[in-house]
Amino acid sequence: MDAVGLGKFVVRRVSESETHALIGIDAVAIDGDDERQASIRSWCQQGLAVVAEDVSGPLGYCVVEYTFFEQGFVTMLMVAPPARGRGVGHRLLEAVVASCTTPKLFTSANVSNQPMQRLLQRAGWSPVGLLHGLDEGDP
């Protein structure tokens with residue numbers, strides 16, 4: 001994916017050298033979650049991440065993998081806390097929908113993740129099911 005201008009910020013594919021920049025905006029990784037940091041490194045190495053950025057730097061990122069029944073799956077969508085509410089998540093979703101190489105694109109979000117639930121609804125995504133048992137007490 002080439003850089004795509006989206007108003008006040010751009011969405012483009014991340015290079016492997018930008019791992020630390022993504023870790024620096026990921027609320028979970030910043031708190032020292034080694035697994036999340038390792039995942040970010042892997043996504044960058046594999047070229048699976050796109051980043052939204054403006055002149056101040058990265059605002060958010062999104063990862064699409066093709067391991068869910070051979071369809072696209074949004075594995076991660078993270079917007080830096082200071083950039084939330086600016087349309088970054090919506091634009092990241094638009095970009096990955098446009099670049100998805102399979103007929104379908106899925107994602108998963110806990111019921112308790114109300115910001116993501118609202119984003120998906122505003123973006124026109126439809127629920128296709130509910131999975132229990134992954135996170136105790138939170139489908």
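Note that the structure is predicted; figures quoted are calculated from it, not measured.
- Y61 is listed as a side-chain neighbour of I40, based on a closest heavy-atom distance under 4.5 Å.
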Task: Working for salt bridge (charged side-chain N to carboxylate O under 4.0 Å, His left out), residues R86 and D54 - done: CA-CA 12 Å; R86 294 178 42 196; D54 65 9; 3.2 Å; yes
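- Taking 4.5 Å as the limit, every side-chain heavy atom of F68 sits out of range of all side-chain heavy atoms of S108.
- H90 and A123 make their closest contact through NE2-CA, 3.6 Å (heavy atoms, listed as atom of the first residue, atom of the second, distance).
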TODO: Assess whether side chain to side chain contact (heavy atoms under 4.5 Å, CB included) is satisfied between L130 and V111, documenting all intermediate values.
DONE: CA-CA 9 Å; L130 189 61; V111 171; 3.9 Å; yes
- [ ] Could you go through the salt bridge (charged side-chain N to carboxylate O under 4.0 Å, His left out) check for R12 and E18 one step at a time?
- [x] CA-CA 12 Å; R12 64 172 177 76; E18 296 176 282; 2.4 Å; yes
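- Nearest heavy-atom pair, A52 versus V88, reported as atom, atom and distance to 0.1 Å: CB-CG1, 3.7 Å.
- Looking at R41 and I23, their side chains come closer than 4.5 Å, going by heavy atoms from C-beta outward.
- For the atom pair NZ of K104 and OG1 of T102, the computed distance is 9.5 Å after rounding to the nearest 0.5 Å.
- Side-chain contact between V51 and L22: present, with at least one pair of heavy atoms (C-beta onward) separated by less than 4.5 Å.
- Under the 4.5 Å side-chain heavy-atom criterion for ILVMFWY residues, no single connected hydrophobic cluster contains both M116 and V28.
- One distance of note links OG of S56 with CZ of F9; it measures 11.0 Å at 0.5 Å rounding.
- E16 places no side-chain N or O within donor-acceptor distance of the main-chain N or O of G47, the cut-off being under 3.5 Å.
- Hydrophobic clustering, with ILVMFWY side chains joined whenever heavy atoms are under 4.5 angstrom apart, keeps W125 apart from M76.
- Residues V74 and L92 have side chains not in contact (no heavy-atom distance under 4.5 Å, counting atoms from C-beta outward).
- Residues I25 and V63 share a hydrophobic cluster, clusters being chains of Ile/Leu/Val/Met/Phe/Trp/Tyr side chains in contact below 4.5 Å.
- Atoms CG and CZ, on L120 and R122 in that order, are 9.5 Å from each other to the nearest 0.5 Å.
- Within the 4.5 Å cutoff, the side chain of F73 has no heavy atoms near those of the L105 side chain.
- Using a 4.5 Å cut-off between side-chain heavy atoms of Ile, Leu, Val, Met, Phe, Trp and Tyr, with links allowed through other members, W43 and V96 fall into different hydrophobic clusters.
- Atom SG of C100 and atom CG of L93 lie 11.5 Å apart (nearest 0.5 Å).
- One side chain, S42 or Q46, offers a donor N or O that lies under 3.5 Å from an acceptor on the other.
- By the criterion of side-chain heavy atoms lying less than 4.5 angstrom apart, applied directly or through intervening Ile, Leu, Val, Met, Phe, Trp or Tyr residues, Y66 is grouped together with V50 in one hydrophobic cluster.
- When all heavy atoms of A21 and P58 are compared, the closest pair comes out as CB-CG, 4.0 Å.
- Taking 4.5 Å as the limit, every side-chain heavy atom of F69 sits out of range of all side-chain heavy atoms of F106.
- Looking only at distances, a side-chain donor or acceptor of Q37 sits under 3.5 Å from a matching main-chain atom of A29.
- L119 places none of its side-chain heavy atoms less than 4.5 Å from the side chain of P115.
- In the displayed structure, E70 atom CD is contacted under 6.0 Å by at most 12 heavy atoms of other residues, nucleotides or ligands.
- With rounding to the nearest 0.5 angstrom, the CE atom of M78 is 11.0 Å from the SG atom of C62.
- The line from CZ of R36 to CG of D26 is 4.5 Å long, rounded to the nearest 0.5 Å.
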